[in-house]
Peer 1: 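Below is one structure. I have some questions about it.
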Amino acid sequence: MCGIIGAVAQRPVADILIEGLRRLEYRGYDSAGLAVLDSTNRLQRSRAVGKVAMLATKLLETPIDGKTGIAHTRWATHGKPAEMNAHPHVSGTWLGVVHNGIIENYLALREKLGSYGYGFDSETDTEVIAHLVALHLKREGSLLKATLKARQEFKGAYALAILSPEEPNTLVVARQGSPLIIGLGIGENFVGSDIQAMLPVTNRFIYLENGDVAYVGLHKIEIYNEEGELVERPIRESRAKDSASELGEYRHFMLKEIFEQPTAIASTLENRLASGHFLPSIVGQNVMETLAKVEEIQIIACGTSYHAGMVGRYWIESMTDIPCTVEVASEYRYRRQPLRKNMLFVTISQSGETADTLAALEKIKEAKGCLASLSICNVAESSLVRESDMNLMTVAGPEIGVASTKAFTTQLLALQLLLGTLIQAKTGETDASRKLAQDLQLLPILVEQVLELNPVIEKLAEQFIDKHHSLFLGRGAQYPIALEGALKLKEISYIHAEAYPAGELKHGPLALVDSEMPVVAIAPTGLLLEKLKSNLEVVHARGGQLYVFASQNAQMKPDEQTHVIELPAVPEMLAPIVYTIPLQLLAYHVAVLKGTDVDKPRNLAKSVTVE
Ligand code: AGP
């Protein structure tokens, strides 16, 4: 989704901006642009449809540079991907603006600005920001005052960075709903929607809060809150490693991140277990009293994180008496629900910036509808973490590939950590909670072992490249894993993939099965294995091609229609995590063979900060 980088410096900034945009590429975008104040203090702009590399080439052919600049990667919401719609947008020679988010009342503002004589060169909602701030700039005489005035008229979500020839060496930025961060330098300062974009120039950051507007100069930063009061925001030093955005020996970030899972899991386990005991501090200080009161759990998330929540529900209800429901945030936020007593409201998000998930949390907080909110998140500085009462951080490291991999498996692990802590809070340690804690220690090594299947799965992927459709089947806690396997395949290989609980096949989807239909099944040992085998017999009898990821103890027999890929025997509670790995590898290799843009699949964005 859209990305912002800006700089106020005493050196040329075009290269810093282009490098920042490159680092934002993982978020997904369709065009890029940059605007600088040149040596004569004129506003210069360059934009290109396609990759940041196209913009960089354009700048080589027609160089522009200056010491104050803003740049943007755009993911189209209002108006097609086209140069005229790419940011920065300008208001004559008065100012340039880059914007993440959506101005919901842009049509009304467009009309109003039209009546003042402003014309529009794009189809975007962003252009109204440029003209409205320009209108106020003419009246107020200061970019900061103009932005403070204009923001009172915006409805929606935005992160903005604005520059104007009227005020050299200045950026004015604003945040409402979309993340925006100030990066601190010495005699220079930066702004960005993501710290990754600024890591080559600084590791000291100020995270703006909703409603903040800030003046960013060479030596001075002033932040005003929603009420227009001058406020201080803490400076945080980031330990995020710049190298996280390097591919190293890997061809794609997705493959790198799949192989990072043993480390990500080990890091997420670190300091959270001690001799069969879940350390309560993992979700915050003095939380046991709150967790002991929990009578219901509501999990809210989107996409892959939602699948993690679905698995969590199986686990929580299998080991406690706490009823648990799971819902996608985009539905939950608009649905009326009776308020429930002593409910723990759990949000799951890799980025912590997903607009729907944040809105669902806001809704429950406004209604005072839960005992407490708890986020499972991978980004410590994210909005979700800041807005939640308790947090359980996954320690996966930055995830660059749009298709979520290591974030998912660490979310599953976090749900198990939460489950163990809940059991301890409600009933004290039990044999089952102790066994869970012991089993979890095995995870990094088990995942390592399954990764050794990579060459086998690479070969298997060849059988999928000419397919247009596929089915994924699982039962119990493996059903959401089937959903996740299907999501991975469709999002990066563009093969239509559907997942079903295997017992549901006979109620309709079986009609799709013929010799052209690959059917992927997940078959660890457990209570439902024999049931699953019967479901697969039915597919087999209709000529379906079966690809079964099975436990070595499952006694699955291969034949000309049945490909069996054996996995090590694993404790039942760990199976969903372990069986995710081969499905990620399968999707990856199919996509590579099909030649798609694996890390940045078409139409998708890493961080979905708009509704
Ligand atoms: C997964 O591969 C996705 N690209 C997507 O479904 C993602 O999980 C979803 O948008 C939620 O994101 P979040 O975890 O950052 O909230």
Side-chain angles (χ1 to χ4, degrees), residues 1-3 26-29 75 177-179 193-194 196 252-255 257-258 261 264 299-312 326-333 346-362 375-385 387-388 391-394 396-415 472 480-481 483-494 497 499 580-581 583-588 591 596-611:
M1 203 135 282
C2 305
Y26 76 94
R27 294 163 67 102
Y29 69 104
W75 187 77
S178 296
S193 48
D194 183 322
Q196 284 298 327
H252 295 101
F253 282 107
M254 182 178 177
L255 189 64
E257 287 157 6
I258 290 174
Q261 287 177 110
I299 302 179
I300 292 295
C302 303
T304 287
S305 301
Y306 168 66
H307 296 154
M310 288 177 76
V311 179
V326 191
E327 189 167 343
V328 287
S330 52
E331 284 302 310
Y332 183 88
R333 63 183 288 191
V346 178
T347 52
I348 309 177
S349 172
Q350 182 281 129
S351 61
E353 301 295 350
T354 301
D356 287 321
T357 309
L358 285 169
L361 174 61
E362 198 180 318
S375 83
I376 291 177
C377 190
N378 196 41
V379 181
E381 305 84 4
S382 64
S383 307
L384 194 69
V385 169
E387 294 298 321
S388 301
N391 296 293
L392 208 173
M393 300 309 301
T394 51
E399 192 180 66
I400 308 288
V402 164
S404 196
T405 52
K406 61 178 180 172
F408 177 66
T409 45
T410 52
Q411 285 169 348
L412 291 175
L413 172 56
L415 282 158
F472 282 66
I481 301 304
L483 282 168
E484 175 59 11
L487 178 64
K488 287 290 89 97
L489 189 67
K490 70 184 120 181
E491 76 181 323
I492 59 168
S493 77
Y494 316 147
T580 298
I581 313 294
L583 301 184
Q584 295 170 341
L585 287 168
L586 178 66
Y588 172 77
T596 61
D597 194 346
V598 173
D599 285 331
K600 291 173 225 123
R602 67 186 182 202
N603 306 336
L604 298 182
K606 181 69 186 162
S607 186
V608 187
T609 50
V610 295
E611 196 178 341

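Whatever order the structure lists ligands and atoms in, that order sets their numbers, starting from 1. Computed over heavy atoms, backbone and side chain alike; hydrogens, waters and symmetry mates excluded.
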Peer 1: With side chain to side chain contact (heavy atoms under 4.5 Å, CB included) as the test, would you mind laying out the steps for H307 and L487 before giving the verdict?
Peer 2: CA-CA 10 Å; H307 296 154; L487 178 64; 3.8 Å; yes
Peer 1: Is there a side-chain contact between E387 and T347, using heavy atoms and a 4.5 Å cut-off?
Peer 2: no
Peer 1: If you measure every N/O of L487 against every N/O of ligand 1, is any gap under 3.5 Å?
Peer 2: no
Peer 1: Give yes or no for whether the N/O distance cutoff of 3.5 Å, strictly under, is met between T357 and ligand 1.
Peer 2: no
Peer 1: How far is atom 15 (O) of ligand 1 from the closest protein heavy atom, and which atom is that?
Peer 2: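 Ranked first by proximity to atom 15 (O) of ligand 1 is S351 OG, 2.7 Å.
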Peer 1: Taking the minimum heavy-atom distance to atom 11 (C) of ligand 1, which of C302, G303, A301 ranks first?
Peer 2: C302
Peer 1: Look up atom CD1 in I348 and atom CG in L415, then write down how far apart they are to the nearest 0.5 Å.
Peer 2: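 Nearest 0.5 Å value for the CD1-CG distance: 4.5 Å.
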Peer 1: For atom 16 (O) of ligand 1, find the nearest protein heavy atom and state the residue, atom name and distance (0.1 Å precision).
Peer 2: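 Among all protein heavy atoms, the one nearest atom 16 (O) of ligand 1 is T354 OG1, 2.5 Å.
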Peer 1: Return the CD to OG1 distance between Q261 and T405, rounded to the nearest 0.5 Å.
Peer 2: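 OG1 of T405 is found 5.0 Å from CD of Q261.
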Peer 1: Just to verify, which of I258, V598, D599 counts as forming a side chain to side chain contact (heavy atoms under 4.5 Å, CB included) with F253?
Peer 2: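 By the side chain to side chain contact (heavy atoms under 4.5 Å, CB included) criterion, F253 pairs with just one of I258, V598, D599: D599.
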Peer 1: Please state whether L604 comes within less than 4.0 angstrom of ligand 1, counting heavy atoms only.
Peer 2: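 Not so, L604 does not reach ligand 1.
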Peer 1: What are the atoms of ligand 1, with element, lying closer than 4.0 Å to any heavy atom of S404?
Peer 2: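 Here the atoms of ligand 1 in question are 1 (C), 2 (O).
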Peer 1: Tell me: protein heavy atom nearest atom 1 (C) of ligand 1, and distance?
Peer 2: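 So the nearest neighbour among protein heavy atoms is T304 OG1, 3.0 Å.
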Peer 1: What protein heavy atom lies closest to atom 3 (C) of ligand 1? Include the residue and the distance to one decimal.
Peer 2: E491 OE1, 3.6 Å
Peer 1: Short list, please: which atoms of ligand 1 are under 4.0 Å from a heavy atom of A403?
Peer 2: 2 (O)
Peer 1: Can you check whether S305 has an N/O within less than 3.5 Å of an N/O in ligand 1?
Peer 2: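 Between S305 and ligand 1, an N or O pair is found under 3.5 Å apart.
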Peer 1: Would a 4.5 Å heavy-atom cut-off, applied to side chains only, mark T580 and V311 as touching?
Peer 2: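 Not in contact.
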Peer 1: In Å, rounded to the nearest 0.5 Å, how long is the span from CG of L412 to CD1 of I376?
Peer 2: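 The distance works out to 9.5 Å.
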Peer 1: Which of the atoms of ligand 1 are close to S349, meaning less than 4.0 Å from one of its heavy atoms?
Peer 2: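 Near S349, meaning under 4.0 Å from one of its heavy atoms, ligand 1 has 13 (P), 14 (O), 15 (O), 16 (O).
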Peer 1: Below 4.0 angstrom from a heavy atom of K488, which ligand 1 atoms are there? Numbered from 1 as shown, please.
Peer 2: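 Near K488, meaning under 4.0 Å from one of its heavy atoms, ligand 1 has 1 (C), 2 (O).
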Peer 1: Which of these passes side chain to side chain contact (heavy atoms under 4.5 Å, CB included) with M254: I400, I492, V402?
Peer 2: I492
Peer 1: Applying side chain to side chain donor-acceptor pair (under 3.5 Å) between S404 and each of Q350, E399, E257, report the one that passes.
Peer 2: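 Per the side chain to side chain donor-acceptor pair (under 3.5 Å) rule, the option paired with S404 is E399, out of Q350, E399, E257.
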Peer 1: Considering only non-hydrogen protein atoms, determine which one is nearest to atom 10 (O) of ligand 1 and report residue, atom name and distance to 0.1 Å.
Peer 2: V608 CG2, 3.9 Å
Peer 1: Quick one: pull up OG in S305 and CD1 in I300 and give me the separation to the nearest 0.5 Å.
Peer 2: 12.0 Å
Peer 1: Could you check whether any heavy atom of E353 sits closer than 4.0 Å to an atom of ligand 1, since that is the contact criterion I want to use?
Peer 2: no
